[in-house]
Protein chains: 2
Amino acid sequence: MSDVANRTAFPPPDKSNGKRLAKAVERAGEEFAAKNLRFTKLRQMVYEEIAATYASIGAYEILARLADKGTRVAPISIYRAIDALLEAGVIHRLESKNAFFACRRMDHRTGRRPLFLSCEKCGAVGEVDGQHIFDLIGEAANSAKFVARVKFVEVQGLCPRCASEEKDKA
Amino acid sequence: MSDVANRTAFPPPDKSNGKRLAKAVERAGEEFAAKNLRFTKLRQMVYEEIAATYASIGAYEILARLADKGTRVAPISIYRAIDALLEAGVIHRLESKNAFFACRRMDHRTGRRPLFLSCEKCGAVGEVDGQHIFDLIGEAANSAKFVARVKFVEVQGLCPRCASEEKDKA
DNA sequence: CCTGTATAGTAACAGTATTACACCTACCTG
DNA sequence: CAGGTAGGTGTAATACTGTTACTATACAGG
């Protein structure tokens, strides 16, 4: 079980073969279609930059990478595309880093919310099921008579790969 | 029980009598002393601005308020003071708003970590015990072979006061 | 067509945070 | 007491993150 969970949470760094990326773009397009949102050229380009890295990436880094490829857009355009991608649910925002990463769990329909594990060394972000934790947070809020609307749980630390490298050095 | 929890989490807005603030400053000084940190004039001033509001407050808002009172300091000085206050544990950082608020739970020694409830309407921030939740988060991370180091749990919604006002309007 | 809606472009700016370097106390320690 | 060291603050510049306001374009439906 932990093997599967592990693989889901922390897929290997991109081998740059592009096939995985193409699949991710296709799935993103399906998400947009399912929600009656438009997967425009700009949104696709922004999504590709985010999905092309396993680390989280900032808005201005996306902007710089697009510029390197000859597409010069303003910050606001990046943010608008990001908003659409967030709404479609194909990326997530990492509040503690003001950065974004591609969602790799295709189980939205289960309604189970994930929590985010962000590696401090390599920047990779993994997701693991956290529905039971979000439920408890809701109860904790209720007990303080607080009406919860948005919750987030983020963890910083070392991903499995980086943790084992650290251990090797010791 | 919920009454006590509630009062702890969401104390009433400041009546500006200053006595509560003076007590908070005194307790902060004790925290600094206990940790062999220096509670300098600047740190105290920054702390007072944070503790004087029940809402979270941004670094540049602190800067502006100090300026209004005749103390003009650079952003970096505010951030350095904030770092010290965070280290002393007398304020917390709200990652989802890039803002800060005074810690009102004086139970650090119990080692039980709180989670943060941030009101979207009035800005008030409450804390409720979340140790059991942090424990579960640690387990969830472990199951993904992730070495957790820092955890964030934040909830946005309506505090008891604002929630009942909303209800009244309906 | 024309018109409404969603999307994208342009420019300026507001808000958040850091780097680099200088100074200056306070407090060791010899 | 001289000199050293460490922590704290001052000054200036800059980098990073995000938004406002306004204009322009694209396309679907009447």
Side-chain angles (χ1 to χ4, degrees), chain A residues 28-29 32-33 35-50 55-88 90-101 118 123 154, chain B residues 28-29 32-33 35-50 53 55-68 70-88 90-101 118 123 152 154 156:
Chain A
F32 270 81
K35 295 191 171 70
N36 277 318
L37 298 170
R38 294 185 229 170
F39 196 41
T40 65
K41 186 74 187 162
L42 179 61
R43 289 170 185 183
Q44 179 174 333
M45 287 191 299
V46 169
Y47 178 72
E48 282 173 4
E49 292 306 324
I50 296 174
S56 61
I57 181 174
Y60 280 70
E61 175 67 21
I62 296 168
L63 187 132
R65 292 188 188 182
L66 289 181
D68 282 349
K69 295 177 181 168
T71 304
R72 288 160 55 259
V73 297
I76 184 65
S77 293
I78 300 288
Y79 281 104
R80 287 194 284 226
I82 285 172
D83 285 344
L85 294 166
L86 286 170
E87 191 175 346
V90 299
I91 66 172
H92 295 300
R93 177 184 173 87
L94 207 49
E95 300 289 341
S96 57
K97 290 181 67 185
N98 297 320
F100 308 88
F101 63 98
S118 169
E154 295 177 13
Chain B
F32 270 81
K35 294 190 171 71
N36 276 317
L37 298 170
R38 295 185 228 169
F39 197 42
T40 65
K41 186 74 187 161
L42 179 61
R43 289 169 184 182
Q44 179 175 333
M45 288 191 300
V46 170
Y47 177 72
E48 284 174 2
E49 293 305 326
I50 297 174
T53 174
S56 61
I57 181 174
Y60 279 68
E61 175 68 20
I62 296 168
L63 187 128
R65 293 188 188 182
L66 289 182
D68 282 348
T71 304
R72 288 160 55 260
V73 297
I76 184 65
S77 292
I78 301 287
Y79 281 104
R80 287 194 285 225
I82 285 171
D83 284 345
L85 294 167
L86 286 171
E87 191 176 347
V90 298
I91 65 171
H92 295 301
R93 177 185 171 86
L94 205 51
E95 299 291 336
S96 56
K97 291 181 64 185
N98 298 319
F100 308 88
F101 63 98
S118 170
F152 304 105
E154 294 177 15
Q156 295 174 2

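We name chains A, B, ... by the order of the sequence lines, and we start the count at 1 in each one.
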What's the [atom1]-[atom2] distance between [X] and [N], to the nearest Å?
{"X": "B/Gln44", "N": "D/dG8", "atom1": "CD", "atom2": "P", "result": "15 Å"}
{"X": "B/Leu85", "N": "D/dG7", "atom1": "CG", "atom2": "P", "result": "18 Å"}
{"X": "B/Asn98", "N": "D/dG18", "atom1": "CG", "atom2": "P", "result": "7 Å"}
{"X": "A/Ile62", "N": "D/dC16", "atom1": "CD1", "atom2": "P", "result": "15 Å"}
{"X": "A/Asp83", "N": "D/dT17", "atom1": "CG", "atom2": "P", "result": "16 Å"}
{"X": "B/Leu37", "N": "D/dT9", "atom1": "CG", "atom2": "P", "result": "12 Å"}

Original post:
Which part of the nucleic acid does B/Ala59 contact within heavy-atom distance under 4.0 Å: base, sugar-phosphate only, or nothing?
Top reply: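 Counting heavy atoms under 4.0 Å across all strands, no contact is made by B/Ala59.
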**OP:** Describe the nucleic acid contact of B/Leu42 in one word from base, sugar-phosphate, nothing, applying a heavy-atom distance below 4.0 Å.
**Re:**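 Sugar-phosphate contact only - B/Leu42 comes under 4.0 Å of backbone atoms but never of a base.
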Subject >> Ion pair check, A/Glu48 and A/Lys69, cut-off under 4.0 Å >> reply: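 A salt bridge is absent here (no side-chain N lies under 4.0 Å from a carboxylate O).
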**OP:** Measure from the side-chain N and O atoms of A/Glu49 to the backbone N and O of A/Leu66, and report whether any donor-acceptor pair falls under 3.5 Å.
**Re:**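 No, the answer is negative, given that no donor and acceptor are paired below the 3.5 Å cut-off.
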Going by heavy atoms in the side chains, are [X] and [Y] under 4.5 Å from each other?
{"X": "A/Lys35", "Y": "A/Glu87", "value": "no"}
{"X": "A/Asn98", "Y": "A/Arg93", "value": "yes"}
{"X": "B/Val73", "Y": "B/Val46", "value": "no"}

Original post:
Using a heavy-atom cut-off of 4.0 Å to chain B, what are the terminal contacting nucleotides of DNA chain C, in 5' to 3' order?
Top reply: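 For DNA chain C, the relevant span reads C/dT16 to C/dT19.
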Original post:
Does any donor-acceptor pair link the side chain of B/Arg80 with the base of D/dG10 at a separation under 3.5 Å?
Top reply: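 For B/Arg80, whose side chain was compared with the base of D/dG10, there is a donor-acceptor pair (under 3.5 Å).
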Original post:
A/Tyr60 stacking on D/dT17: centroids under 5.5 Å, ring planes under 30°?
Top reply: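 Stacked: centres under 5.5 Å apart, planes under 30°.
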Original post:
Are OP1 or OP2 of D/dT9 and a side-chain N or O of B/Thr40 less than 4.0 angstrom apart?
Top reply: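 So the side-chain polar atoms of B/Thr40 do come within 4.0 Å of the phosphate oxygens OP1 or OP2 of D/dT9, strictly under.
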